[in-house]
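Have a look at the structure below before the remarks.
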There are 2 protein chains.
Amino acid sequence: MTRQLKQTEKSPQRNVRKRRREIVDAAARVFAERGYHGTSTQDIADLLGMRQASLYYYFDSKETALEEVCALGAAGFVEKAEEIVRNGLPAQKRLCQLLAAHIAPLDHRADYTRTFLNERKWLPMESRRKVGRMSRRLEAIFERVIREGIRNGEFRNDLNPRMTTLALLGMMNAVSTWYERESIPLDRIAELFGDLALNGARNTDAD
Amino acid sequence: MTRQLKQTEKSPQRNVRKRRREIVDAAARVFAERGYHGTSTQDIADLLGMRQASLYYYFDSKETALEEVCALGAAGFVEKAEEIVRNGLPAQKRLCQLLAAHIAPLDHRADYTRTFLNERKWLPMESRRKVGRMSRRLEAIFERVIREGIRNGEFRNDLNPRMTTLALLGMMNAVSTWYERESIPLDRIAELFGDLALNGARNTDAD
DNA sequence: TGATAATTCTATTGCACTATAGAAAAATAG
DNA sequence: CTATTTTTCTATAGTGCAATAGAATTATCA
């Protein structure tokens, strides 16, 4: 009896997990659309056809839902990047892969990534620091690839790894703000951005 | 008498304009800090040491204050750019000047530019379209300089002017999110970003 | 089926917020 | 000094919101 109860409390049933995830999905959608402060828990419930108060069976607070959305959003960026950084390819190639991998979730996980990018600043201290650490992990990956490229001569040795990282991430993150308006496929964006980052705009054929 | 009254209504006294501007300044500050939906009119009043209701002597609504902040924020970006685009210098030089001019207000008008960049999406239709037009004017300036650079051979002819513009603006706008943390002067950022945009990361001295 | 647990519901509390009304106070002008 | 205008104030209406309490419903399982 005690065991049964404990198990129920500690590891929620499959159905609870599933429903919880549906709610997080809905939250991500409205948070991305109207911002955290601009959405009411009623908005989330409406999207699911359930009552506002019923949400509190799954979440302690609106803030908790934001934490979950942001954590998933951040994870979507970091996971693939950690794979790429270790794959042993040339730094140029890895950098392009990092750019492509960073753009991808801006599309197929748009609600999560947009919420992570724009709304994480409203998280309470503790969880804000947590997603902050994930951000820094991602930045460190970019910096590491750039440093390795400089060391082995693929990249210019006067490159500032930190600023280059921030420039590239800013360039990529902004995609989420305009790519719905601009009719251009994501892989083409990745291609063009990779080329711009590696070669710049200047025409080197000129005399 | 009628003349006197009309004058009072149509062109507010110097003091009214001045006080109005103080309120807009305060609004910009809290909007930038806590977001539009995250700030109350009480927050704005607190910053000025006045009563919340007194704000309504100068503004019809919180929304009106946001409109004014965003309009000023947008103007700060466009004005200098329109000067630069016509100055007849080589496209490479003009592009670097555009980048530097775009970074500048992110510092000395930080509250206005951050509010413009992050909060304009909450504006009502009409004024959102108005600041949208200003954004497009700025983008058009970047695109024009890039096209001119391609035509005269300064830039690679396979450059995509639209995507390059969006890449560069994204890169620059992101500065507002991190430059307070990173201890690096703005002119150095402009220098590094200009160099990256023109020359890319690749080491062209390598064999 | 009937008992127990899981899930969703109705109803409500209490608070924070925008905006308005009109009085009070301060500034300005005759 | 008095009258008038400008500015700020107090007080409050009205709304929307997050969160809680506890009843009703639905699912699970012996």
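Naming: A, B, ... by sequence-line order, numbering from 1 per chain.
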Practice item. Under 4.0 Å from any atom of DNA chain C, heavy atoms only: list the residues of residues 33-45 of chain A that qualify, in numerical order. Key: none
Would you tell me if any nitrogen or oxygen in the side chain of [X] comes within less than 4.0 Å of OP1 or OP2 on [N]?
{"X": "A:Arg19", "N": "C:dA6", "answer": "no"}
{"X": "A:Tyr58", "N": "C:dT8", "answer": "yes"}
{"X": "B:Tyr57", "N": "D:dT7", "answer": "yes"}

Exercise for review: Give a yes or no on whether a salt bridge exists between B:Arg29 and B:Glu33, defined as a side-chain N under 4.0 angstrom from a carboxylate O.
Suggested key: no
**Study point:** Carboxylate-amine/guanidinium contact B:Glu139 B:Arg136, below 4.0 Å
**Key:** no
[X] has an atom [atom1]; how far is it from atom [atom2] of [N], in whole Å?
{"X": "B:Phe59", "N": "C:dA19", "atom1": "CZ", "atom2": "P", "answer": "12 Å"}
{"X": "A:Leu66", "N": "D:dA19", "atom1": "CG", "atom2": "P", "answer": "12 Å"}
{"X": "B:Lys62", "N": "C:dA19", "atom1": "NZ", "atom2": "P", "answer": "8 Å"}
{"X": "A:Arg51", "N": "C:dT10", "atom1": "CZ", "atom2": "P", "answer": "4 Å"}
{"X": "B:Glu63", "N": "C:dC17", "atom1": "CD", "atom2": "C1'", "answer": "15 Å"}
{"X": "B:Arg17", "N": "D:dT6", "atom1": "CZ", "atom2": "P", "answer": "16 Å"}

Review point. Do other residues, nucleotides or ligands put more than 12 heavy atoms under 6.0 Å from B:Lys80 NZ?
Key: no
**Study point:** Over 12 non-hydrogen atoms of neighbours within 6.0 angstrom of NZ in A:Lys93
**Key:** no
**Study point:** Listed nucleotide nearest any side-chain atom of A:Ala53, set C:dA11, D:dT8, C:dA19
**Key:** C:dA11
Review point. Looking at the side chain of B:Tyr56, which of C:dT20, D:dC9, C:dT7 is the nearest nucleotide?
Key: C:dT20
**Study point:** Donor-acceptor pair, side chain of A:Ser127 and main chain of A:Lys130, under 3.5 angstrom
**Key:** no
Review point. Counting only N and O atoms by type, is there a donor-acceptor contact under 3.5 Å from the side chain of A:Arg114 to the main-chain atoms of A:Ala32?
Key: yes
